[in-house]
Amino acid sequence: MDTDELSVVLPSSTTSGLSLSLHPLPILNISEHLTRLKLQTKSNLPFVLGALLGTQNGREVEIVNTFELALEEGHDDKVDHGFLVQRRDQYKQVFPSLEFIGWYTVAPAPTSRHIALQEQFTGYCSTSLLLLLEPSSSAPASSDITSQTLPFRAYEPSVEIRDKKTRSVFIEAPYKVETGEAERIAVDWTAKGGGGSTSLESHLQTQRAAVKMLHERILVLVQYVTNVIAGQVSEDHTTLRSLSALIASLPASESKGFRKEFDTEYEDVQLTAFLSALTKSTNVLNDLVDKHLVMNGVSREERTTGPGPRRRMGRLGGMPGDWAMHS
């Protein structure tokens, strides 16, 4: 059985002439898919299945995007083809240049189970690729520099003749990570936590750290006073006088004047936010009305004039009175 499992992939001496490029987005999608399923199923190695989208020009293939696949109920190894076709067509409407070029999963190595899954994708792509994520792999055996840094393996389907019989096998295909300018910016933005370098977020993070530190120190003082009252700690009159002076210097936050001023400021801020949201919604609605009128062939002049009869201008730009006189 072990020999049969190992023979699913041809030896490394068999080379693939495929020129494969892997973009960062599929790497992030597959990693996120695996992490999410781990948390949902409470399993270290859940079954992950998805489709690869990209472009193919002869033997040059680029993997650009991915989407998740579903299995039929009651069948762990049967792909839900209706869901696959629906998602593929939806992506095709948004990205017309991308085609279904393969599928991905997570496993230590390809097995006969992957051969059975591979045969289900032949109707969408005659040579559908397999991108395998090996989460437990620390150092891939391939000598390629790129594959040593990522736990991904790419496989190309092939046919082997053994004992006068043909069978489906995989050939490992080398790949390279290729990124564009927009992808590098997006990956860098994601690595920093989604815009963590913006001035607003930096300011809020600083304020949050300051408030957290203040809260921790206040808790220390409250605990000290509690212990002194309980007789667990000896009294330090210098510290107690400092605390008394600090409390006396605080504003009377429960007075009517403070509450009134606070409520006024709070209402002003809420009103400003509401007006901003209302202005933005009005602008969006105005754009929508303009597009609707353009689609229905209504000019801006007709919209501003209204549905009633329009005033007729006189000859050569004259007033209605002049028109009446000439008529």
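What's counted below: heavy atoms across the whole structure, side chains too, no hydrogens, waters or symmetry copies.
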Between S128 and Q118, is there a side-chain donor-acceptor contact under 3.5 Å, judged purely by atom types and distance? yes

Would you indicate whether the side-chain heavy atoms of R167 and I115 approach each other to under 4.5 Å? no

When rounded to the nearest 0.5 Å, the distance separating CG of L52 from CG of L130 is 8.0 Å

Heavy-atom closest pair (H81 atom, Q120 atom, distance to 0.1 Å) is CE1-O, 3.3 Å

Between Y124 and F121, how do the two ring planes meet: parallel, tilted or perpendicular, split at 30° and 60°? tilted

If a pair satisfies salt bridge (Lys or Arg N to Asp or Glu O under 4.0 Å) and one of its residues is in residues 224-242, list it, with sequence neighbours excluded. none

4.5 Å side-chain heavy-atom contact, D80 and L71: no

Using a 4.5 Å cut-off on heavy atoms from C-beta on, say whether the side chain of V48 contacts that of L133. no

In terms of hydrophobic clustering (I, L, V, M, F, W, Y; side-chain heavy atoms under 4.5 Å; direct or indirect links), are V225 and V228 co-clustered? yes

Does a donor on one side chain sit under 3.5 Å from an acceptor on the other, for Y104 and H33? yes

Verify the cluster assignment for I229 and V233: are they in a single hydrophobic cluster under the rule of side-chain heavy atoms below 4.5 Å apart? yes

Taking the side chain as C-beta and beyond, is there a heavy-atom pair between F170 and H114 under 4.5 Å? yes

Is a side-chain donor or acceptor of S31 paired with a backbone partner of L28 at a separation under 3.5 angstrom? no

Quick one: CG on L214 to CG on L219, what's the gap to the nearest 0.5 Å? 9.5 Å

Can you give me every donor-acceptor pair (side chain of residues 84-102, partner residue at least two apart or in another chain, under 3.5 Å) with its distance?
| from | atom 1 | to | atom 2 | distance (Å) |
| --- | --- | --- | --- | --- |
| K92 | NZ | P96 | O | 2.7 |
| K92 | NZ | E99 | OE2 | 2.4 |

Kindly compute the distance separating CG (L53) from CD (E62), expressed to the nearest 0.5 Å. 13.0 Å

In terms of hydrophobic clustering (I, L, V, M, F, W, Y; side-chain heavy atoms under 4.5 Å; direct or indirect links), are L117 and F83 co-clustered? no

Rounded to the nearest 0.5 Å, what separates atom OG1 in T264 from atom CG in L271? 12.0 Å

Start with the C-alpha gap between T55 and N57, add the side-chain angles, then the distance that decides, and say whether side chain to side chain contact (heavy atoms under 4.5 Å, CB included) holds. CA-CA 7 Å; T55 59; N57 184 12; over 6 Å; no

Mind checking whether P174 and L20 have side chains closer than 4.5 Å, heavy atoms only? no

When rounded to the nearest 0.5 angstrom, what is the spacing between OG1 in T41 and CZ in R36? 11.0 Å

Can you find a pair of side-chain heavy atoms, one from P135 and one from N44, that are under 4.5 Å apart? no

With R113 as the cation and F47 as the aromatic partner, state whether NZ or CZ is under 6.0 Å from the six-membered ring centre and within 45° of the axis. yes

Between R59 and S19, is the side chain to side chain contact (heavy atoms under 4.5 Å, CB included) condition met? List the steps. CA-CA 6 Å; R59 299 292 291 171; S19 177; 5.7 Å; no

At their closest point, which heavy atom of P108 faces which heavy atom of E134, and how far apart are they? O-OE2, 3.3 Å

Crowding at CD, Q270 (>12 non-hydrogen neighbours, <6.0 Å): yes

Donor-acceptor under 3.5 Å (N283 side chain, T279 main chain): no

Exam field: side chain H23 to backbone E178, donor-acceptor pair closer than 3.5 Å: yes

Residues Y224, L240; criterion side chain to side chain contact (heavy atoms under 4.5 Å, CB included); working and verdict: CA-CA 10 Å; Y224 171 74; L240 294 177; 4.0 Å; yes

Checking T105, V9, I30 against L132 for side-chain contact (heavy atoms from CB on, under 4.5 Å), the one that qualifies is T105

Nearest heavy atoms of E119 and S168, plus distance in Å: OE2-OG, 4.1 Å

Distance (rounded to the nearest 0.5 Å) between W103 CH2 and L131 CG: 10.5 Å

Is any side-chain heavy atom of N29 less than 4.5 Å from a side-chain heavy atom of N65? yes

Taking the side chain as every heavy atom from C-beta outward, state whether E156 and L129 have any atom pair closer than 4.5 Å. yes

If you look at every heavy atom in P24 and T179, which pair is closest and at what distance? CG-CG2, 3.0 Å

